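Data block below; observations after.
Note that the coordinates shown come from a computational prediction; the quantities given were computed from them, not determined experimentally. We name chains A, B, ... by the order of the sequence lines, and we start the count at 1 in each one.
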2 protein chains.
Amino acid sequence: MELEGIIGKIRGRGYKATPQRVAVLEAISAEQHQSLEGIRSRCPGVGMVTVYRTLDLLSGLGLVRRLDLGDGPRYELAEDHHHHLICEDCGSVAEFEQCPLDPRQLPEVGGDFEVRAHSLEVYGRCSACR
Amino acid sequence: MELEGIIGKIRGRGYKATPQRVAVLEAISAEQHQSLEGIRSRCPGVGMVTVYRTLDLLSGLGLVRRLDLGDGPRYELAEDHHHHLICEDCGSVAEFEQCPLDPRQLPEVGGDFEVRAHSLEVYGRCSACR
DNA sequence: CCGTAACTGAAAAAAAATTTCAATAAGGTA
DNA sequence: TACCTTATTGAAATTTTTTTTCAGTTACGG
Ligand SMILES: [Mn+2]
Ligand SMILES: [Mn+2]
Ligand SMILES: [Zn+2]
Ligand SMILES: [Zn+2]
């Protein structure tokens with residue numbers, strides 16, 4: 001989704017599309033999986049508190065996803081369902097779309113648990129580090 | 001693995017099996033997926049710094065695993081490969097052994113990435129919260 | 001425009017993690 | 001067993017990260 005669409009969703013939910021929020025959104029959309037520091041440095045005019053609050057807001061709206069891959073939180077635009085390849089040597093994060101889960105097994109492992117979502121991270125060494 | 005085995009591994013790697021380390025280990029083995037606070041309250045005589053350092057040591061040795069499921073780090077004894085069912089309502093964490101990954105697809109999604117491990121978390125609602 | 005509720009950000013506070021360093025003690029050696 | 005060496009501990013200080021407060025500002029519907 002392009003930025004305009006996301007901004008529309010913010011307004012549609014009754015929140016204001018302030019310049020600070022748009023700036024944070026632009027910072028996030030510049031690169032997936034950024035740390036807070038990375039995002040902050042991309043919108044230097046926005047106060048730290050506002051960055052925190054905007055990340056909370058956008059996460060709550062489901063427009064941004066917070067990732068806990070170790071080494072502190074990272075953020076990404078919540079686009080299509082995908083998973084991550086994480087290099088244990090250099091820390092780089094790559095994405096892949098193909099979901100290697102067997103859809104027949106998922107409800108089965110759940111039992112009486114109602115499955116709503118999942119996240120899968122694959123760890124190893126990237127081609128550059130090999 | 002029982003505690004004695006783990007303690008043996010600590011010694012085997014050249015580290016001392018101090019009472020503090022054993023106390024932290026006992027605290028962790030009392031319950032999977034505890035927060036730092038939970039672990040600390042189970043070994044009140046051990047200083048905070050030592051708890052942090054012991055968790056680092058045991059994680060580095062692969063005897064304990066740190067989990068980032070949101071809401072701060074949690075720790076578990078690194079037993080057999082398993083995954084987690086996380087209730088979005090009450091926050092409870094359950095385990096399941098059966099790995100629903102299709103083993104044929106995993107190397108494929110990697111491409112020239114060398115896959116070494118993976119982690120899978122399933123989110124939803126537990127039976128109690130339904 | 002105007003009014004108002006939502007929003008911002010500086011400052012302070014709280015929470016979480018790390019560093020420092022003098023004192024202690026585990027475990028090997030004789 | 002007694003001793004020695006080096007790893008380990010923990011109180012205190014420091015740093016880093018996140019949250020709270022609150023007075024001033026602003027987006028935006030009417
Ligand atoms: Mn991603
Ligand atoms: Mn577990
Ligand atoms: Zn790499
Ligand atoms: Zn539940």
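Dashed line: the shortest gap from a side-chain N or O of Arg21(B) to OP1 or OP2 of dT8(D) is under 4.0 Å. Within the structure, every side-chain polar atom (N or O) of Gln20(B) is placed at least 4.0 Å from both OP1 and OP2 of dT8(D). Look at Arg11(B) and you won't find any side-chain N or O under 4.0 angstrom from OP1 or OP2 of dA26(C).
Side-chain contact between Gln20(A) and Cys43(A): absent, with no pair of heavy atoms (C-beta onward) separated by less than 4.5 Å.
In this structure, CG on Leu61(A) lies 9.0 Å from NZ on Lys9(A), to the nearest 0.5 angstrom.
The shortest heavy-atom contact between Lys16(B) and Arg21(B) is O-NH1, 2.8 Å. Closest of all the heavy-atom pairs between Tyr123(A) and Glu88(A) is CB-OE2, 3.6 Å. When all heavy atoms are compared, the tightest approach of Ala27(A) to Ile39(A) is CB-O, 3.8 Å.
For an aromatic pair to be called close, the ring centres must be under 6.0 Å apart, and His118(A) with His81(A) satisfies this.
Going from atom CZ of Arg74(B) over to atom C1' of dA16(C) covers 15 Å, rounded to whole Å. Straight-line distance from the CD atom of Glu37(A) to the C1' atom of dT18(D): 15 Å, rounded to whole Å. The distance from atom OH of Tyr52(A) to atom C1' of dT8(C) is 16 Å, rounded to the nearest whole Å. One can place CG of Leu58(A) at 11 Å from P of dC7(C), the figure rounded to the nearest angstrom. One interatomic measurement links the two molecules: CZ of Arg40(A) to C1' of dT18(D), which rounds to 11 Å at whole-angstrom precision. The distance from atom CZ of Arg13(A) to atom C1' of dG29(D) is 20 Å, rounded to the nearest whole Å. For the pair Tyr15(B) OH and dT8(D) C1', the computed distance is 12 Å after rounding to whole Å. One atom, CG of Asp56(B), and another, C1' of dT9(D), lie 15 Å apart when rounded to the nearest Å.
Each of dG9(C), dA17(C), dA27(D) was ranked by its minimum atom distance to the side chain of Thr18(A); first place goes to dA27(D). Set against dC7(C), dA11(C), dA26(C), the side chain of Val49(A) has dA11(C) as its closest nucleotide.
Taking the charged nitrogens against the carboxylate oxygens, Arg66(A) and Glu76(A) have no contact shorter than 4.0 Å, which rules out a salt bridge.
Where Ala17(B) and Met48(A) meet DNA chain C, the nucleotide closest to each residue was compared, and Met48(A) sits on the side nearer the 5' end.
For the helix from dC1(C)-dG30(D) to dA30(C)-dT1(D), the end axes, each set by the C1' atoms of five terminal pairs, are bent relative to each other by 40° (nearest 10°).
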